[in-house]
Amino acid sequence: MEHCSTKAEIRALVLKWKKDGLKVGFVPTMGALHAGHLSLMRAAKKDCDRLVVSIYVNPTQFDRKDDLDAYPHDLEGDKAKLESVNCDALFTIDNSAMYPEDFTTWVIPEGSLVAGLCGKSRGEHFKGVTTIVTKLFNIVGADKAFFGQKDYQQFAIIQRMVRDLDIPIEVQSCPTVREADGLALSSRNQLLESDARQRSLAIAKSLSWAVQAYRSGQTEASAVLEEMTQRIQDAGAKIDYIEAVDCESLLAKETLDDRSVIAVAAFFGSVRLIDNHRLKDDFPIEFP
Ligand code: AMP
């Protein structure tokens, strides 16, 4: 695996591959890699001839300094995981090269895609995400990028951005990877104390319950969201949001249907976890 730590190096490498007629896949990450990240890389390796992975903890998408400071780093461990999926190139870069002091130009999403869910509580978060993803797309120049459904709103916004700004890249989303007990994998899970780790299962369990309730005929969103709220609060979490939204517009739904996605964000102590599920799909884990 090549390790490029400047924009010029990764650009030259990808350009060379493309000149040779190779299709280049790209998985942007913030590191502390887990099986969820690796599943995106495997999907990219299947679909493309070469895989570039970026590891960059983007400061402009964090709205709390303590959250940025606590974000886990493990570059050596990450490199071994990248080798295990036959990644062809790792791209890392310094903050000063990404955001020079006189940095001025941002990509700012507006409208229904950013109005609800994480957009409500995390202020400028998506402005940071769309700006860094645009920069990474421009720097790497890949043919196709892969994202996780776990960050459902993020993918919806990036997909729209690529269309709206005519960015010449294809984007694909891949299913959420979970622990055997249902917890969605996240780099933040390692920050959970063991008691909170156990209690945090309430998120996945309540999503699974919502899918079952919908399948049994419950279509009143408020009833489903209230019961989920109760279950997650009973596990000791502070809820940021629980919403039922349309899978494309992300507008809130009053009546649930097959296009509905239920999305949750909740704090277990200081750790904020997110998860979501589309109602038309089976929840992948059976809970007793
Ligand atoms: P992050 O490092 O958190 O920025 O995530 C990098 C990519 O991995 C994003 O596209 C995420 O949606 C994706 N991802 C994170 N967790 C999971 C998961 N449990 N399953 C699938 N993809 C994931």
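Whatever order the structure lists ligands and atoms in, that order sets their numbers, starting from 1. For the numbers below, each heavy atom of this structure counts, side chains included, while hydrogens, waters and symmetry mates do not. Nothing fancy with the numbering, it's 1 onward along the sequence.
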Part of Pro28 with heavy atoms under 4.0 Å of ligand 1, whether side chain, backbone, both or neither: backbone
Per-residue contact class, Leu40 against ligand 1 - non-hydrogen pairs under 4.0 Å: side chain
Within 4.0 Å of some non-hydrogen atom of Met30, the atoms of ligand 1 are 1 (P), 2 (O), 4 (O)
State whether a side-chain donor-acceptor pair under 3.5 Å links Asp257 with Tyr214. no
Using distance alone, determine whether Leu185 and ligand 1 share an N or O pair under 3.5 Å. yes
With a cutoff of 4.0 Å, is Ala32 in contact with ligand 1, counting heavy atoms of the residue only? no
Gln149 near ligand 1 by a heavy-atom separation under 4.0 Å: no
Is the charged tip of Lys135 near the ring of Tyr99: under 6.0 Å from the six-membered ring centre and within 45° of its axis? yes
Under a 4.0 Å threshold between the charged nitrogen and the carboxylate oxygen, would Arg64 count as salt-bridged to Asp69? no
With heavy atoms under 4.0 Å as the rule, classify the contact between Tyr71 and ligand 1 as side chain, backbone, both or neither. side chain
What protein heavy atom sits nearest atom 1 (P) of ligand 1, and how far off is it? His37 NE2, 3.7 Å
Please say whether more than 12 non-hydrogen atoms of neighbouring residues, nucleotides or ligands are located less than 6.0 Å from CD in Glu193. no
Is any NZ, NE, NH1 or NH2 atom of the basic residue among Glu243 and Lys120 found under 4.0 Å from an Asp or Glu carboxylate oxygen of the other? yes
Determine whether the side chain, the backbone, both or neither of His34 has a heavy atom under 4.0 Å from any heavy atom of ligand 1. side chain
How about Gln233: does its CD atom have over 12 heavy atoms from other parts shown lying under 6.0 Å from it? yes
salt_bridge(Arg199, Asp195) N-O dist < 4.0 Å: yes
Measure from the ring center of Tyr71 to the ring center of Phe62 and say whether it is less than 6.0 Å. yes
Can you tell me the protein heavy atom closest to atom 11 (C) of ligand 1 and the distance? Asp151 OD2, 3.1 Å
Ignoring angles and geometry beyond distance, decide whether Gly148 reaches within less than 3.5 Å of ligand 1 through its nitrogen or oxygen atoms. yes
Hey, does Ala35 sit under 4.0 Å from ligand 1 if you only count heavy atoms? no
